[in-house]
Amino acid sequence: MTITSPHLGSSAGWTDARLLYALEEVVEQELNRHLKVAKDWMPHEYVPWTDGRNFPGFFEDGEAWEKEQSQVTEIGRIALVVNLLTEDNLPSYHHEIASLFGRDGAWGTWVHRWTAEEGRHGIVMRDYLLTSRAVDPDKLEQFRMAHMSEGFESDNRHSMLHSVAYVAFQELATRISHRNTGHQSGDPICDRMLARIAADENLHMIFYRNLLKAAFEIAPDLTMQAVRDVVVNFRMPGHGIPGFERAAAQMAIGEVYNMRIHHDDVLQPVLRFLKIMEIDGLGPEGQKAQEELGLFMGGLDAEASKFDEKLAARKARMAARAGG
């Protein structure tokens, strides 16, 4: 991408309000494209209802939960809880993006549509988990109450461009996390359900990624700085979940989501699409951000390689123990 009009790269005068107005036509185009390709689906069709039975409490015939009642693997349980609790905070996410993007025009239509689609994910995941008895329902509800009571405040709520950059990566990260959880779950029904959710997340990523590309065309310096900040400081929205750090470590070892996956399957695809290192015509601040982004990605790749080596050594030790 070549910026041929130097004045477009200037950061001066670009307020969030001006950017929202300047990008509204693109939002409308992307919204119309999304509505043409998005497929409505019914959450209840993905739940094995015949496996369901009463839990103790109100029902006298209730059967207490036990881990052995489900075929879902241990890493599958951990990742499913993290993924569902992340989806549970939808009211806070809606508040964040509605406050930033507004509720009117194409922006508002997208905000409400996105919220409605995301709502399906929490519905189907909870129904599946309770019906299949994949996780302890009491602990799941306790975690939900604790997590939602804390609410959610985005690290990027100070800037519209930072928020767009963040969700472009975060939606892809969520897609990858759901898809890998399905693969590692040990249950074909769970895998199919999470594949359906992942398809939604991919469309959401495309919406924001294309919007980010348009932002580069009108405010390249500011957009480059936003991408640099988001990539360097990226955190998943579920970081406030009780026990998140331990769960994240287990998910990394279980190859649901780790440093290598984050680098190869989340950051790199978006950056390649944007041709981030080929953008020229930048001012001093934009060039600095571009250079820092390149250095960070190189460092992250090196760190991911170290993680790969440790993971391979761990697998070798486990295989030796199993064989011995």
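Numbers here simply count residues along the sequence, with the first being 1.
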**Q** Between W114 and E171, is a side chain to side chain contact (heavy atoms under 4.5 Å, CB included) present by the stated rule, with each step listed?
**A** CA-CA 11 Å; W114 174 87; E171 292 284 5; 2.8 Å; yes

**Q** Using only heavy-atom distances, determine whether the side chains of H162 and Q225 contain a donor-acceptor pair under 3.5 Å.
**A** no

**Q** Is it the case that H34 and Q29 place a side-chain donor and acceptor less than 3.5 Å from each other?
**A** no

**Q** Going hydrophobic residue to hydrophobic residue with side-chain gaps under 4.5 angstrom, can you get from V232 over to M277?
**A** yes

**Q** Run the salt bridge (charged side-chain N to carboxylate O under 4.0 Å, His left out) test on E309 and K306 for me, step by step, so that the C-alpha distance in whole Å, both residues' side-chain angles and the decisive distance to 0.1 Å come before the verdict.
**A** CA-CA 5 Å; E309 293 172 4; K306 293 178 183 177; over 6 Å; no

**Q** Do the non-hydrogen side-chain atoms of Y166 and V231 ever get within less than 4.5 Å of each other?
**A** no

**Q** Answer yes or no: is there a side-chain heavy-atom contact under 4.5 Å between T181 and S177?
**A** yes

**Q** Evaluate side chain to side chain contact (heavy atoms under 4.5 Å, CB included) for M224 paired with L282, printing each intermediate quantity in order.
**A** CA-CA 9 Å; M224 185 67 74; L282 296 167; 3.9 Å; yes

**Q** Is a donor from one side chain sitting under 3.5 angstrom from an acceptor on the other, for D187 and S132?
**A** no

**Q** Is any NZ, NE, NH1 or NH2 atom of the basic residue among K67 and E74 found under 4.0 Å from an Asp or Glu carboxylate oxygen of the other?
**A** yes

**Q** Sequence neighbours left out, what passes side-chain hydrogen bond (donor to acceptor under 3.5 Å, both in side chains) with R53? Give chain and number order.
**A** E63

**Q** In the hydrophobic clustering that connects Ile, Leu, Val, Met, Phe, Trp and Tyr at side-chain heavy-atom distances below 4.5 Å, which members other than F58 occupy its cluster, ordered by chain and number?
**A** F59

**Q** Distance-only, no hydrogens or angles: does the E30 side chain make a donor-acceptor pair with backbone N or O of L211 under 3.5 Å?
**A** no

**Q** Find out whether F101 and V164 are in side-chain contact, i.e. whether some heavy atom of one side chain is under 4.5 Å from a heavy atom of the other.
**A** yes

**Q** Before accepting this row, confirm whether a basic side-chain N of the pair K288/E285 lies closer than 4.0 Å to the acidic partner's carboxylate O.
**A** no

**Q** Test V37 against I206 for side chain to side chain contact (heavy atoms under 4.5 Å, CB included), laying out the working first.
**A** CA-CA 11 Å; V37 298; I206 292 171; over 6 Å; no

**Q** Considering only heavy atoms from C-beta outward, does the side chain of N210 approach that of V26 to under 4.5 Å?
**A** no

**Q** Is the distance between the ring centroids of W65 and F55 under 6.0 Å?
**A** no

**Q** List in chain and number order the residues that pass salt bridge (charged side-chain N to carboxylate O under 4.0 Å, His left out) with D264, two or more places apart in sequence or in another chain; answer none if no residue qualifies.
**A** R260

**Q** According to a 4.5 Å side-chain heavy-atom criterion applied to Ile, Leu, Val, Met, Phe, Trp and Tyr, with indirect links allowed, do W107 and L35 form part of one hydrophobic cluster?
**A** yes

**Q** Taking ILVMFWY side chains as joined if any heavy atoms are under 4.5 angstrom apart, and letting links pass through other members, which residues group with I253?
**A** F307, L311

**Q** Any side-chain heavy atom of L194 within less than 4.5 Å of one from I197?
**A** yes

**Q** Checking W49 now: which residues fulfil ring-ring contact (aromatic ring centres under 6.0 Å, His included) with it, not counting sequence neighbours?
**A** none

**Q** Sequence neighbours excluded, which residues qualify as salt bridge (charged side-chain N to carboxylate O under 4.0 Å, His left out) partners of E28?
**A** none

**Q** Would V81 and I123 show up in the same hydrophobic cluster when neighbours are defined by side-chain heavy atoms closer than 4.5 Å?
**A** no

**Q** Do Q170 and T174 pair up side chain to side chain, a donor and an acceptor below 3.5 Å, judged on atom types alone?
**A** yes

**Q** Checking F169 now: which residues fulfil ring-ring contact (aromatic ring centres under 6.0 Å, His included) with it, not counting sequence neighbours?
**A** none

**Q** Would you please name every residue forming a ring-ring contact (aromatic ring centres under 6.0 Å, His included) with H44, sequence neighbours left out?
**A** none

**Q** Among residues two or more places apart or on two chains, list those pairs meeting ring pair (Phe, Tyr, Trp, His ring centres under 6.0 Å) that have a residue in residues 241-293.
**A** F234-H262, Y257-H262

**Q** Could you walk me through whether F207 and N202 pass side chain to side chain contact (heavy atoms under 4.5 Å, CB included), step by step?
**A** CA-CA 9 Å; F207 178 95; N202 193 59; over 6 Å; no

**Q** Do F216 and I276 come close enough that some side-chain heavy atom pair is under 4.5 Å?
**A** yes

**Q** Can you find a side-chain donor-acceptor pair between E87 and H178 that sits under 3.5 Å?
**A** yes

**Q** Apply side-chain contact (heavy atoms from CB on, under 4.5 Å) to M148 and list each qualifying residue two or more places apart in sequence or on a separate chain.
**A** D88, N89, P91, R144

**Q** Restricting to salt bridge (charged side-chain N to carboxylate O under 4.0 Å, His left out), what partner residues turn up for E292, sequence neighbours left out?
**A** R228

**Q** Less than 4.0 angstrom from a charged side-chain N to a carboxylate O is my criterion; do D40 and R113 meet it?
**A** yes

**Q** Are side-chain N/O atoms of H94 and E118 paired as donor and acceptor at under 3.5 Å?
**A** no

**Q** If we only count heavy atoms from C-beta on, is the L271 to L293 side-chain gap below 4.5 Å?
**A** yes

**Q** May I ask you to decide if the ring planes of H121 and W41 are parallel, tilted or perpendicular, using 30° and 60° as cut-offs?
**A** parallel

**Q** With K315, which residues qualify under salt bridge (charged side-chain N to carboxylate O under 4.0 Å, His left out), at least two apart?
**A** E255

**Q** Quick one: are Q250 and R246 in side-chain contact, heavy atoms under 4.5 Å?
**A** yes

**Q** For a salt bridge (charged side-chain N to carboxylate O under 4.0 Å, His left out) check, start with the C-alpha distance between D191 and R179, then their side-chain angles and the critical distance, and finish with the verdict.
**A** CA-CA 7 Å; D191 191 23; R179 201 69 192 92; 2.9 Å; yes

